[in-house]
Amino acid sequence: MHSQTILITGGLGQVGSYLTDRFCTDNRVIVLDNTSSPCRHDVPAGVQLVIGDIQGPEVVRLVEQADVVIHTAAQIDVNRSLDQPLFDCENNILGTLNLLEAARRTNLERFVYFSSAAIYGDTLHTPIEEDHPAQPLSPYGVSKLTGEQYALMYHRAFGLPVAVLRPFNIYSPRQDPSNPYSGVITKFIERAKAGQSPVIFGDGQQTRDFISVHDIVDLVELLVEKDEAIGRVFNAGTGTQTTVNRLAGIVQEVFGSDRALEYREARAGDIRHSVADISAAQGLGFVPQVFLEDGLVEFAGE
Ligand code: UD1
């Protein structure tokens with residue numbers, strides 16, 4: 001890959017920070033972040049940090065300098081989107097549109113848009129392929145889907161080289177444990193570190209496709225490199241489903257605990273089964289590398 005200038009929106013966040021670390025070794029990286037939910041406050045040496053909002057006018061100047069835009073910045077809290085749908089809409093839809101407008105008349109080589117598996121809503125079948133009906137259950141899901149639609153339209157109408165990814169359940173040690181809406185892995189690990197057993201909502205037989213942030217970064221690299229990715233949508237998962245019970249067992253193993261698991265009432269609106277069909281990503285050469293067991297060991301060292 002030749003050296004490029006890469007603008008990473010949300011570059012201080014859970015995913016953006018790992019993208020920054022990977023891309024900055026061979027490229028010039030500019031991070032744009034409004035510090036609303038940073039998982040770190042600094043960037044590696046040589047990376048330019050711009051504190052600002054994706055809705056601001058400065059994105060024009062930043063996008064003009066870039067060869068590649070990787071857009072991860074978003075309001076990511078599903079519950080907050082239910083409480084404040086307008087805030088979610090402004091951030092995620094208008095913010096994305098502002099970036100796309102800035103990109104419209106440039107010679108960008110790639111615009112990578114981070115969507116979410118939340119766009120699918122209740123699943124009719126698994127594995128979930130990209131053509132599965134999109135029936136989001138939250139304003140967040142609608143805003144992510146709308147962002148996708150705008151991005152793909154900018155490809156069709158204006159030739160912008162857009163690629164979209166729909167991450168399933170991403171985990172990384174940088175997810176903020178103090179956030180009540182953090183994912184189940186972060187919750188289980190926090191409890192394990194405090195000497196407590198995992199709390200399982202429902203019977204624990206529900207499944208998810210847990211993907212390490214390192215695999216997400218690998219897939220983004222492919223979306224940037226491969227021209228076949230342009231104008232297309234890719235599920236970002238491992239294709240492997242894991243029950244919440246099994247996850248709890250692995251966490252207990254990693255932290256050497258044999259306490260009894262705690263079961264509580266199922267969460268209202270919880271999706272029963274979720275696993276990605278990743279044949280589209282595999283077609284680009286994507287091979288998930290991180291087994292859940294190994295991915296969780298990284299947390300024990302934090
Ligand atoms: C995930 C996304 C969400 C998205 C949704 C649909 C995360 C953090 N959330 O929600 O943004 O809208 O997919 O694609 O990635 N659980 C427990 N104990 C706990 C916490 C959770 O048993 O302490 C269970 C939940 O009831 C659920 C499963 O673990 O069945 C996963 O929960 P969670 O990590 O919150 O993610 P999703 O509900 O899949």
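Worth knowing before you read on, the calculation uses all heavy atoms, side chains too, and leaves out hydrogens, waters and symmetry mates. Remember, it's 1-based here, ligands and their atoms both numbered in the order they're listed.
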| Step by step, would you call R28 with Q65 a side-chain hydrogen bond (donor to acceptor under 3.5 Å, both in side chains)? | CA-CA 10 Å; R28 176 178 169 230; Q65 296 174 52; 2.9 Å; yes

| Numbered atoms of ligand 1 (with element) below 4.0 Å of V199, judged on heavy atoms | 17 (C), 18 (N), 19 (C), 22 (O), 23 (O)

| message | Using the rule side chain to side chain donor-acceptor pair (under 3.5 Å), only one of E148, K144, Q149 pairs with S115; which is it? | response | E148

| field | Per-atom contacts of ligand 1 with A117, taking only distances under 4.0 Å to non-hydrogen atoms | value | 14 (O)

| said: Just to confirm my output: which protein heavy-atom neighbour is closest to atom 1 (C) of ligand 1, and how far is it? | reply: N169 ND2, 3.7 Å

| query | When you measure from atom 11 (O) of ligand 1 to each heavy atom in V78, T123, L247, which option holds the nearest one? | reply | V78

| Nitrogen or oxygen atoms of K187 and ligand 1 under 3.5 Å apart | no

| Would you call D77 and R80 a salt bridge, taking side-chain N to carboxylate O under 4.0 Å as the test? | no

| request: Decide, yes or no, whether a salt bridge links D33 with R40 under the criterion of side-chain N to carboxylate O below 4.0 Å. | output: no

| message | If the threshold is 4.0 Å, N to carboxylate O, is there a salt bridge linking R174 and E298? | response | no

| task | Output yes when a protein non-hydrogen atom is found under 4.0 Å of atom 20 (C) of ligand 1, and no otherwise. | result | yes

| message | Using heavy-atom distances only, which candidate in T243, I271, I128, D270 approaches atom 25 (C) of ligand 1 most closely? | response | D270

| message | I need the single residue from H132, Q135, E130, R166 that forms a side chain to side chain donor-acceptor pair (under 3.5 Å) with Y120. Which is it? | response | R166

| Side-chain ion pair, R272 and D203, N-O less than 4.0 Å | yes

| field | Protein contact to atom 38 (O) of ligand 1 [nearest heavy atom, distance to 0.1 Å] | value | R267 NH2, 2.6 Å

| request: Compute the shortest N/O to N/O distance between R208 and ligand 1 and return yes if it is under 3.5 Å, no if not. | output: yes

| field | Nearest-neighbour protein heavy atom for atom 22 (O) of ligand 1, which is reported as residue plus atom name and distance | value | F201 N, 2.9 Å

| said: Determine whether any protein heavy atom is located less than 4.0 Å from atom 35 (O) of ligand 1. | reply: yes

| Less than 3.5 Å between some nitrogen or oxygen of S116 and one of ligand 1, yes or no? | no

| message | Counting only nitrogen or oxygen atoms and a 3.5 angstrom limit, does V244 reach ligand 1? | response | no

| Is any NZ, NE, NH1 or NH2 atom of the basic residue among E58 and R61 found under 4.0 Å from an Asp or Glu carboxylate oxygen of the other? | no

| field | For atom 24 (C) of ligand 1, the protein heavy atom that lies nearest, with its residue and separation | value | Q206 NE2, 4.0 Å

| query | Any donor and acceptor pair, going by atom type alone, linking the side chain of S274 with main-chain N or O of F168 inside 3.5 Å? | reply | no

| request: Taking N27 for its side chain and V29 for its backbone only, find out whether a donor-acceptor pair lies under 3.5 Å. | output: no

| request: Go through the steps to decide whether H71 and T96 satisfy the test side-chain hydrogen bond (donor to acceptor under 3.5 Å, both in side chains), and finish with yes or no. | output: CA-CA 8 Å; H71 176 30; T96 297; 3.0 Å; yes

| Close N or O approach (S182, ligand 1; < 3.5 Å) | no

| message | Please compare G183, A118, S81 and report which has the shortest non-hydrogen distance to atom 12 (O) of ligand 1. | response | A118

| field | Stacked cation flag R267 on F201, 6.0 angstrom / 45 deg | value | no

| said: Would you say atom 17 (C) of ligand 1 makes contact with the protein, given that contact here means a non-hydrogen protein atom less than 4.0 Å away? | reply: yes

| note | Note: ligand 1 atoms sitting under 4.0 Å from heavy atoms of I200 are 22 (O)

| task | Could you say whether the N/O atoms of F188 and ligand 1 ever approach to under 3.5 Å? | result | no

